[in-house]
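Heads up: the structure comes next, in structure tokens.
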Amino acid sequence: MEEVKKSFIEQFGAQGSLTSYFAPARVNLIGEHTDYNGGHVFPCALTLGTYAVARKREDRTIRFYSMNFEHSCIVEAQIDDLRFEEQHDWANYPKGMAAIFQQAGYEMTSGFDVAFYGNIPNGAGLSSSASIEMVTAAMLKDLFHLQIDQIEMVKLAQKAENEFIGVNCGIMDQFAIGMGKKNHAILLNCDSLAYQYTPINLKKEKLILANTNKRRGLANSKYNERRQQCEAALHSLQEQLDIKSLGDLNKEGFNAHKHLIPDKIVRKRAKHAVYENNRTIEAVKKLNAGDIRGFGKLMNESHISLRDDYEVTGKELDVLVEAAWNEGAIGSRMTGAGFGGCTISIVPDDRVDSFIEAVGETYNAETGLEAEFYVVDIGGQAKKL
Ligand code: GLA
């Protein structure tokens with residue numbers, strides 16, 4: 001935090017008082033590609049995240065600076081002219097939040113200067129974009145004394161991502177970051193937004209993230225294609241079923257009606273969405289009953305379904321997960337959108353070091369890439385510091 005303040009002062013000067021904010025990254029434990037299908041997800045916030053230091057200005061100018069992109073200098077915009085601009089790169093995320101807040105009637109009475117720093121590994125699928133969106137939301141709320149609750153901020157952040165940035169994501173990432181709670185994961189019904197905190201009391205295990213370090217080329221277009229396939233499947237099922245989303249179906253209902261979906265690939269996508277939603281609810285029941293092995297087994301099944309039916313894993317994620325299974329993980333799966341990014345594993349305490357070494361070696365031998373490992377802690381929500 002001190003470093004961010006120092007950097008703020010270097011860029012914007014020392015006068016006036018500064019305020020600081022933090023928003024976490026997130027990892028999803030189970031329930032993948034279910035959020036935009038009206039299903040359940042089970043993510044948690046991490047202690048890694050994005051810091052922001054800000055100060056109001058007297059005029060209507062906004063200036064953004066990021067310590068993560070030092071070569072890109074200060075980005076400047078006007079409150080009354082907030083548009084997506086390609087050359088503004090990362091700054092479009094906080095700018096999009098300001099624009100969407102304004103559109104929703106939350107008034108910014110002046111400009112401001114803000115400096116960001118994030119310790120979330122870049123492009124790793126841990127939602128650095130939702131994190132910078134939500135840290136900006138916490139900042140706007142505080143700077144302009146806005147009467148807005150945390151869930152409304154979550155919805156506006158998703159809107160900024162969908163409409164300003166143009167990525168058609170569901171609500172999971174912003175929700176996990178906006179509503180996270182230390183040492184808890186959140187079972188969220190993405191249709192009703194009903195949610196429930198579940199304690200994650202790992203007494204003899206650790207949560208380990210492994211980053212494939214694979215660039216996620218074309219991830220957005222493949223993500224949007226999966227969404228379209230699920231919509232097509234829903235459309236076919238609605239010929240006979242009165243359902244609003246794939247999340248309304250259980251396995252039996254799906255199997256009794258899957259013949260309505262003519263395309264084999266589209267049918268597989270829908271199968272994943274329905275089974276994964278069921279699996280997520282089951283997994284949380286196991287966890288609540290203290291059955292961590294049962295939970296881990298469902299994590300493994302989730303990965304297999306994402307690999308074979310949803311086809312969003314790819315060689316790197318599969319190699320990491322299979323190596324994790326072989327090295328004693330209680331459960332291991334890809335997390336986030338897929339096509340690269342990270343895996344999440346639950347590993348017994350006494351195997352952590354050998355796990356990291358052996359999985360890292362296998363991964364390097366099979367892909368030529370170096371994986372990075374993080375033993376992670378579950379943190380709290382986006383807030384003023
Ligand atoms: C990305 C999206 C989320 C969700 C996941 C897949 O992280 O931003 O909304 O769809 O992929 O579960």
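Ligands are counted one by one from 1 in listed order, and the atoms in each one are counted from 1 as well.
Using a 4.0 Å heavy-atom cutoff, R26 is listed among the residues neighbouring ligand 1.
Less than 4.0 angstrom separates some heavy atom of G170 from each of these atoms of ligand 1: 9 (O). Of all atoms in ligand 1, numbered sequentially from 1 with element shown, those under 4.0 Å from a heavy atom of Y36 are 10 (O).
Taken from OH in Y65 to CD in Q11, the straight-line distance is 4.0 Å, to the nearest 0.5 Å.
Looking at D35, T335, V41, it is D35 that brings a heavy atom closest to atom 3 (C) of ligand 1.
Here the side chain of T335 pairs a donor or acceptor atom with the backbone of N28 at under 3.5 angstrom.
Among the atoms of I171, none of the N or O lies under 3.5 angstrom from an N or O of ligand 1. Polar contact with ligand 1: absent for T34 (N/O pair, distance under 3.5 Å).
From the protein, the heavy atom lying nearest to atom 8 (O) of ligand 1 is D173 OD2, 2.6 Å. Protein heavy atom nearest atom 5 (C) of ligand 1, with residue, atom name and distance: M172 CE, 3.7 Å.
Remark: K5 is not positioned above the aromatic ring of F8, lacking an NZ or CZ atom under 6.0 angstrom from the ring centre and at most 45 degrees off the axis. By the 6.0 Å and 45° rule, K251 stacks over the aromatic ring of Y275.
Aromatic ring pairs are classed by plane angle as parallel below 30°, tilted from 30° to 60° and perpendicular above 60°; the pair Y51 and F22 is tilted.
Within 6.0 Å of CG on D353 lie no more than 12 heavy atoms contributed by other residues, nucleotides or ligands.
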